[in-house]
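Encoded as structure tokens, here's the structure I'll be asking about.
Please read these numbers as outputs of a predicted model, since none were measured by experiment. In what follows, chains are A, B, ... by sequence order, proteins preceding strands, each numbered from 1.
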Amino acid sequence: MFAAMPTEFEPIFDQTRVNPGVGVVKAALNANDWSRAKDVFAGLNPYEQQLSIELVDDAQGCDGFLEALLSANPRDSLAATMLARRRAVVGRQIRGTLPAAQVPPEDWKIYRDKVHSAEELLTRTCAINPSFVPAWTTRIRTASYMGYGIPEVKRRFARVERYSPQDLYAQIELLFHLAPKWHGSLEQTHEFAWRCVNSSVPGSAAAALLVSHYQLRWWYSEATMRDIFTEPQVRQEILTAANQSVMNPAFTFGAGSVWALTQFAYAFACMEDWPRAWNCFARLGDYACIDSWSETMTNPGSTFTELRKEVVAHQ
Amino acid sequence: MIRWTEIDGIPAIYTEDGPTVAGITFRVGYADEVLAQHGITHLIEHLALHRLGTTDYHFNGTTAPSFTSFFTEGSPESVRVFLERVCGDLHALPVDRLDVETGVLRTEASSRGLSTGSRLSVWRYGAKGIGLAAYPEWGLHSVTALDLQAWASRYFTRQNAVLWFSGMTPPSDLRLPLPPGRREPLPFVAEAMPAPGPASAADSPNALGFSAIVERSAAAQAYAALLQREMFQRIRQDAGYCYTAVVGYEALDAERAMITAVADITDGQQPAAVGEFIDVLATLQWGELGSSSLDEQKQAARTARAKPEWEAGALPSFAQDVLLGKPIEQAEQLQSELDAVRPFDVQNVAQQASRTGLLLTPQGIESLWAGFTPIPLWSENAVTGRPVAAMGDENRSVVWSNEGVSAVGADGALTVRYADCQAMLMWPDGGRVLVGGDGIAVSLEPTLYAFPPEAMQTVDAYVSAQRVVRMPARSPEAIPVPPQPNAPATGGEAKALRRERRQARADRPPRPPLGPVGRTFSVLGLLVLIPAFLFGLLVAIVLLVEPMPEIDTVGIVTLTLFVGGYLVGVTWAIIAIILRMRR
């Protein structure tokens, strides 16, 4: 039996606390200790490395620091990738979420310029250091931002796979960029998620991509999340995926495991499979990873808390 | 070893190794032509070879952008005969063959599509110089015997030629009947690409093309070889995005060379193929080339140059260098230059290629993200003059003036100024197309625009007579017609429609013959319908012979129409049943 969990609690969504290595990189960056940041970064697994790159998303004012690093060493792949990610994200923030036709032309231009400059940095980084996976992973995103087409997005993902097979972060990135929003389709996201389920190492996190696919399906449909997750076919698929991942005896806490548990906790809650949902929530403890939920939900944090409350109530 | 001599006042280069091959190369090609006379060099090349007919030895001619060559393979004696006859015929062209040969050339042209290389040329140079590769040989429509003689006298001269021989010693007593002239310099053609830096055009149907202008050097040749290797390995072998991936290195003049890369693309993989190619360029520019890959190229070149036939194969390009005033370098010297190339040198070439690059992508695939600026599809501005609106489309117009013409639409203007007009095609039906030096064309179609008479008069007066190409009559279908939304079908279209319907009826499968049940029902039907017909006939007769004063005129007419209709209907049914029973 799992220990009883308090019904009122503050979940920890901060990935620097969920993944302590990322926290160390953050601390080094905050201290402008680039040498230490690079050393710690080099020792992280690919998932944590990409989370470290993500740190720049909210790091206002880091642009100058990264530009100076790059100016001193133009072949610094990590600095170039972080700067590129920063420019792409800032560009996207300026563009906003309006449909393309409604974005003011001046904002559109800034957005394009930012993404192009990010892409230029990444192209050079990938040429200098072809096996530097974080740059290729970031290029999945820039390819979509530029509307460059699914074949190019897949090519970049294939390059990630060449150097880092079963790269969870890149798999999540690709799944969302195969969605209709980026000129893909739900058929493609489903096919890719299943491919990940079938090819994943038993006990690994990749099979949880199937939950992400159904979250996307919900986003593009009129149905409620429960309508979708309680369909017999979906229920069966989620069980299969869970048995390959978090319910597999080989499951251990490692790269992306908190994200996978969060995904399956959500899926089982929507399926009203309370015992399995509780199992996932209990193993998560105070931690959770809802980063990918922001693609489909306006308030992921409260959704997580509400679901958890409901699961606890059914215990 | 390549040796140098002079025969009959003409420079000659030769090697005693390799097969017995000889040729003569002149410093003239289609890049020397203007668009309105495009094809004249090619036509002379064909005519000069005509009288040789069929021989026991192989011979041919080629017209390249800047050089025209005639060459043959055979015995030393056949080489001598060939060179004497070709040079003689160049200045006694069989002009009675003009119509036949122009027909042959048009057929040759119609069998060729527009290659990716030609598209690259026209985007870089417009309708001038090497850019003419993309255009039909319009000069063939109006070329005269006098034009041919004048062109041959200027370019196919003793001072503008180089002889080359392999597998033999040049015959010192060879005499070639070429007139004196001068060494013709290469024509200067400015690039038509407006902006400095790498440019792009999304114009290719399903291929990828790249060209760059670099300094001629061993490093540039190494760059081209490495580009070929990387492109083939990554785009074709690893990813399977294409079938062919070819890189070429061609001297433009004594100092510069053009590197061209072309790949066809598998359907649906266009964005990925372009993405991979851009990464290939980036690898050569910024990546770790590694000395091993460069060493492989050096070794491959060393092996090729060690073969006895290498010098013979390289003679035509050495001949071109002689015509460009570039000293000939022996194989050992070329190899030592290549051996001295370091990865850093190749990266310098890659930088040059990046600055001067032109990327041609499939339609709809942009490459601005990779730093390639799209070439504008429109002219900077329209001429100021009198506009004529298009019939049936008020958003389009043609503006004409004493300066030039512009086709103006909602998206922009296409302008050709008379001073820069490279050709004006003119059809007997009154249509005209003006092509400017940048490759932009403006159509003046009287069927689409109600031009006042003075408009065409002005255009004709300002376009130089040497730039006018009188085209043969167009078929009616080739003459454009204005759009007519919701227009009723024309007589011709209505007839075609009726023809189709008739054909559809004729194509309908025949009905099967009636079975026993069908036949029984048919007989029963006749047994009912024939008395019904007779009854109707009787009523009609009564109506005709018996006056009915109690019914007014309207009633009589109504009754008559009813009985008439009844009789027609029953008669039609009886005939239909009889016809069906007879099948």
Interchain contact, B:Gln285 with chain A, by part (heavy-atom threshold 4.5 Å)
neither
Quick test of your reading of the model: are B:Asp279 and A:Arg155 salt-bridged, counting only N-O distances below 4.0 Å?
yes
Over all atoms of both residues, closest heavy-atom pair of A:Tyr148 and B:Gly275
OH-N, 4.0 Å
With a 4.5 angstrom heavy-atom cut-off, is it the side chain or the backbone of B:Ala282 that approaches chain A, or both, or neither?
both
Is the number of heavy atoms from other residues, nucleotides or ligands under 6.0 Å of B:Glu250 CD greater than 12?
no
Counting only non-hydrogen atoms closer than 4.5 Å, does B:Val274 touch chain A with its backbone (N, CA, C, O), its side chain (CB onward), both, or neither?
both
Under 6.0 Å from the CZ atom of A:Arg92, do we count more than 12 heavy atoms belonging to anything else shown?
yes
Against chain A, label B:Leu284 side chain, backbone, both or neither, depending on which of its atoms sit under 4.5 Å from a heavy atom there.
neither
Does A:His190 NE2 have over 12 foreign heavy atoms under 6.0 Å away?
yes
With a 4.5 angstrom heavy-atom cut-off, could you sort out which part of B:Glu276 is near chain A: side chain, backbone, both or neither?
both
Where B:Trp369 and A:Met146 come nearest, the two heavy atoms and their spacing
CB-SD, 2.9 Å
The side chain to side chain contact (heavy atoms under 4.5 Å, CB included) partners of B:Val122 (sequence neighbours excluded) come to B:Ala134, B:Tyr135
Closest heavy-atom pair and its distance - A:Pro151, B:Gln269:
CB-OE1, 3.8 Å
Other residues, nucleotides, ligands: >12 heavy atoms within 6.0 Å of A:Glu106 CD
yes
Enter the distance from A:Glu152:CD to B:Ile365:CD1 here, rounded to the nearest 0.5 Å.
9.5 Å
side-chain hydrogen bond (donor to acceptor under 3.5 Å, both in side chains) partners for B:Gln233, two or more places apart:
B:Asp238
